[in-house]
Amino acid sequence: MVALVMLCVSVTAYAVPPRGVLHIISDDLRSELGAYGLPNRSTPHLDAVAATGTVFLSAYAQIAVCGPSRNSFMTGRRPDRSRCWNFINSFREDHPEWTTIPGNFLRHNALAIGVGKVFHPKIPPAYDGNKSWSPQALPYVNPCWNTADDPEDKFQDGGLPCIFCPIDIEGHVFHDPNVSVATEFCEIDAVEDTVTVTHAVKQLRAIASSASTAPFYLAVGVHKPHMPWQAAPEDWAAHPLESVDLAVNVLPPIGMPDVAFHFTDSAADGLLEHTDPWHPVSDTHARTARRAYRAAVTGMDRKLGVLLQELVNLNLSASTAIVIHGDHGWSLSEQGLWRKMSNYENAVRVPLIIKVPWLQTPRRVAALVELVDLAPTIWELAGLSSPPDETFDGLSLVSLLSGEKTIIKPAAFSQYPRRVTNASAAWKDNSIIHENRSTFTHMGMSIRTNEWRLTQWVAWNRSTLTAVWSDIEATELYDHRNTTLFPPRFDLETVNIAGIPSMQATVQTLSAQLRAAFSGSQ
């Protein structure tokens with residue numbers, strides 16, 4: 001195994017590199033980075049990219065779960081157009097003709113290479129194969145226990161850890177119920193990300209040694225900080241337990257409709273105190289979990305440092321744009337929430353860092369942007385035109401990167417479905433991850449402006465798979481007029497003010513914008 005993952009090989013520099021884009025996607029990454037003004041996060045390599053690039057302070061995913069988010073930003077379309085809302089369906093089922101970010105490089109006879117978790121395993125099948133990737137990228141590599149290319153294997157989460165935490169072995173093999181945020185971590189390095197980076201370095205060297213001057217696209221998907229939270233002892237040592245702060249607010253928003261909440265880690269998972277959303281995880285468990293998350297982020301950053309240094313070694317750094325982001329956010333006990341799968345700020349806000357050596361970039365951008373904006377941005381940076389026979393939902397960020405503009409859109413939009421099975425406790429057992437999309441009961445539609453977040457929970461038509469806007473079952477409104485962007489705050493959206501009489505004009509205005517945006521994407 002050690003020989004497999006060693007990165008110490010000879011380096012050759014090349015004088016005439018092609019212009020390219022290195023697209024790095026981190027799974028479950030929120031803005032827990034030094035680049036976002038947070039102290040003691042131990043993310044020096046990502047911080048170094050940010051120091052000479054652009055840090056986006058208000059970037060949002062379109063849905064807070066891995067597979068659907070990747071189907072969205074890799075195609076430049078919102079989930080209601082991709083019709084991918086969980087781990088069952090992919091955009092290829094409803095739109096086999098769509099062009100993806102890498103697919104457009106292929107249309108321009110350029111190079112498209114992917115490594116690691118770029119698409120979620122099996123959605124689309126085989127990571128989209130030759131529809132998205134050049135022959136040099138196939139068969140696709142997403143280590144280690146990867147079943148995604150086997151049509152006979154129904155397991156959807158291929159690309160599992162190379163070495164499991166002991167608690168996961170107990171949980172998955174012996175069905176131990178005590179697997180939760182309080183226990184699912186270990187001091188074992190995430191070898192899968194080391195293997196991914198090793199393969200990405202190999203691909204970079206092949207690009208650098210090629211005589212081609214065509215643009216290239218190299219997408220690298222790292223698994224961490226996705227659970228289980230794994231990291232080497234040195235990564236854990238960077239975060240002494242006593243240095244880890246606790247969330248300020250650990251209770252659900254006052255006035256929250258039950259359907260807005262997704263209850264994940266419960267008493268059945270070893271957290272005896274956490275019986276419902278209003279009985280939070282203990283401070284002891286929360287602190288150890290938050291430490292584990294930070295250690296996993298530090299370990300991910302350490303591995304990416306090898307890849308980023310290779311750009312310099314190969315004389316590619318001056319001609320390669322770097323795009324780094326999470327696939328969605330993550331909650332670490334704020335609002336009583338853990339994990340993702342909601343429309344709240346911490347679930348949908350993502351870190352986004354873009355470094356473009358040939359542009360004079362501002363250091364921080366407060367403008368609202370979305371992950372669907374990445375497709376046109378990456379294509380423009382590589383000098384490619386968007387497919388003229390297709391429509392996309394995003395806008396290029398290049399004008400923000402160059403400083404030509406300070407704003408490109410008035411709002412960002414996200415959504416998340418629910419499958420309510422208990423009308424008296426809609427927060428309980430409402431997961432849609434492995435449930436047929438015809439069994440959804442609600443779609444939560446959310447608009448984020450500079451001042452507000454409005455979320456409306458709309459009934460779901462199970463036949464047409466569309467929202468029934470005439471049946472809005474719950475509304476949430478949160479005040480962001482005093483939200484600090486840098487460093488980011490996580491203690492947000494604590495009181496739902498949608499029912500206050502003085503807020504009704506605001507609710508109506510935002511609701512009309514929300515409906516117009518989503519009606520146009522269905």
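All of these numbers come straight from a predicted model, not from anything done at the bench.
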(message) Check the orientation of W278 and F261. Use parallel for under 30°, tilted for 30 to 60°, and perpendicular for over 60°.
(response) parallel

(request) Would you kindly check if the NZ (Lys) or CZ (Arg) of R30 is within the cone defined by 45 degrees around the ring axis of F490 and under 6.0 Å from the six-membered ring centre? (result) yes

(message) What I'd like to find out is whether the side chain of S331 reaches to under 4.5 Å of the side chain of K340, using heavy atoms alone.
(response) no

(request) State whether the side chain of E476 and the backbone N or O of P257 hold a donor-acceptor pair below 3.5 Å, judged by distance alone. (result) no

(message) If you take the centroid of each ring, where Trp contributes its six-membered ring, are Y217 and F105 closer together than 6.0 Å?
(response) yes

(message) For R419 and T439, which I'm curious about, is there any donor-acceptor pair between the side chains at under 3.5 Å?
(response) yes

(request) Give the intermediate values and the outcome of ring-ring contact (aromatic ring centres under 6.0 Å, His included) for residues H325 and F73. (result) CA-CA 11 Å; H325 64 93; F73 67 72; 4.9 Å; yes

(request) Answer yes or no: is there a side-chain heavy-atom contact under 4.5 Å between I167 and C186? (result) no

(message) Under a 3.5 Å distance rule, please check whether S26 uses its side chain to pair with a backbone N or O of L29 as donor and acceptor.
(response) no

(message) Using the rule side-chain contact (heavy atoms from CB on, under 4.5 Å), only one of V222, D27, V220 pairs with D193; which is it?
(response) V222

(request) Can you spot which of V323, V369, I324 makes a side-chain contact (heavy atoms from CB on, under 4.5 Å) with I354? (result) V323

(request) Compute the centroid of each ring, for H274 and then for H285, and state whether the two points are separated by less than 6.0 Å. (result) no

(request) Please work out which of the three classes, parallel, tilted or perpendicular, describes the rings of W229 and F185, given edges at 30° and 60°. (result) parallel

(message) So, applying side-chain contact (heavy atoms from CB on, under 4.5 Å) with L251, which one of S333, P280, P277 is it?
(response) P280

(message) For a 4.5 angstrom cut-off between non-hydrogen side-chain atoms, does N430 reach V259?
(response) no

(message) Within the 4.5 Å heavy-atom criterion, are I497 and Y478 side-chain neighbours or not?
(response) no

(message) Distance check, rounded to the nearest 0.5 Å: E32 atom CD versus T298 atom OG1?
(response) 9.5 Å

(request) Pick out which of I353, V350, L352 makes a side-chain contact (heavy atoms from CB on, under 4.5 Å) with F56. (result) L352

(message) Measuring only between side-chain heavy atoms, which start at C-beta, is T449 closer than 4.5 Å to P410?
(response) no

(message) Under 4.0 Å between a side-chain nitrogen and a carboxylate oxygen: does that hold for E390 and R107?
(response) yes

(message) Is the terminal nitrogen or CZ of R92 (NZ for Lys, CZ for Arg) located under 6.0 angstrom from the six-membered ring centre of W98 and within 45° of that ring's axis?
(response) no

(request) Kindly assign one of parallel, tilted or perpendicular to the pair W330 and Y293, based on the angle between their ring planes and the thresholds 30° and 60°. (result) parallel

(message) For the backbone of L395 and the side chain of D373, can you confirm whether one donor and one acceptor N or O come within less than 3.5 Å of each other?
(response) yes

(request) Tell me yes or no: between the side chains of H223 and N142, is some donor less than 3.5 Å from an acceptor? (result) yes

(request) Salt-bridge test for K224 and E192: reply yes if a basic N is under 4.0 Å from a carboxylate O, no otherwise. (result) yes

(request) Can you label the angle between the F87 ring and the H434 ring as parallel, tilted or perpendicular, going by 30° and 60°? (result) perpendicular

(request) With the side chain counted from C-beta on, respond yes when S511 and T509 share a heavy-atom pair under 4.5 Å apart, and no when they do not. (result) no

(request) Please determine if E97 and K131 form a salt bridge, counting it only when a charged side-chain N lies under 4.0 Å from a carboxylate O. (result) no

(message) Check this for me: does any side-chain nitrogen of one of K428 and D258 sit under 4.0 Å from a carboxylate oxygen of the other?
(response) no

(message) With a 4.0 Å cut-off on N to O distance, would you call D491 and R489 a salt bridge?
(response) yes

(request) Side-chain contact test, heavy atoms from C-beta onward, threshold under 4.5 Å: evaluate it for L454 versus L514 and give yes or no. (result) yes

(message) Among R77, K409, R81, exactly one meets salt bridge (Lys or Arg N to Asp or Glu O under 4.0 Å) together with D393. Which residue is that?
(response) R81

(message) Checking side-chain polar atoms at under 3.5 Å, does D28 have a donor or acceptor matched by the opposite partner on H328?
(response) yes

(request) Pick out which of Q62, E345, R453, Q415 makes a side-chain hydrogen bond (donor to acceptor under 3.5 Å, both in side chains) with S446. (result) R453

(message) Could you tell me if the side chain of T99 sits less than 4.5 Å from the side chain of S132, heavy atoms only?
(response) no

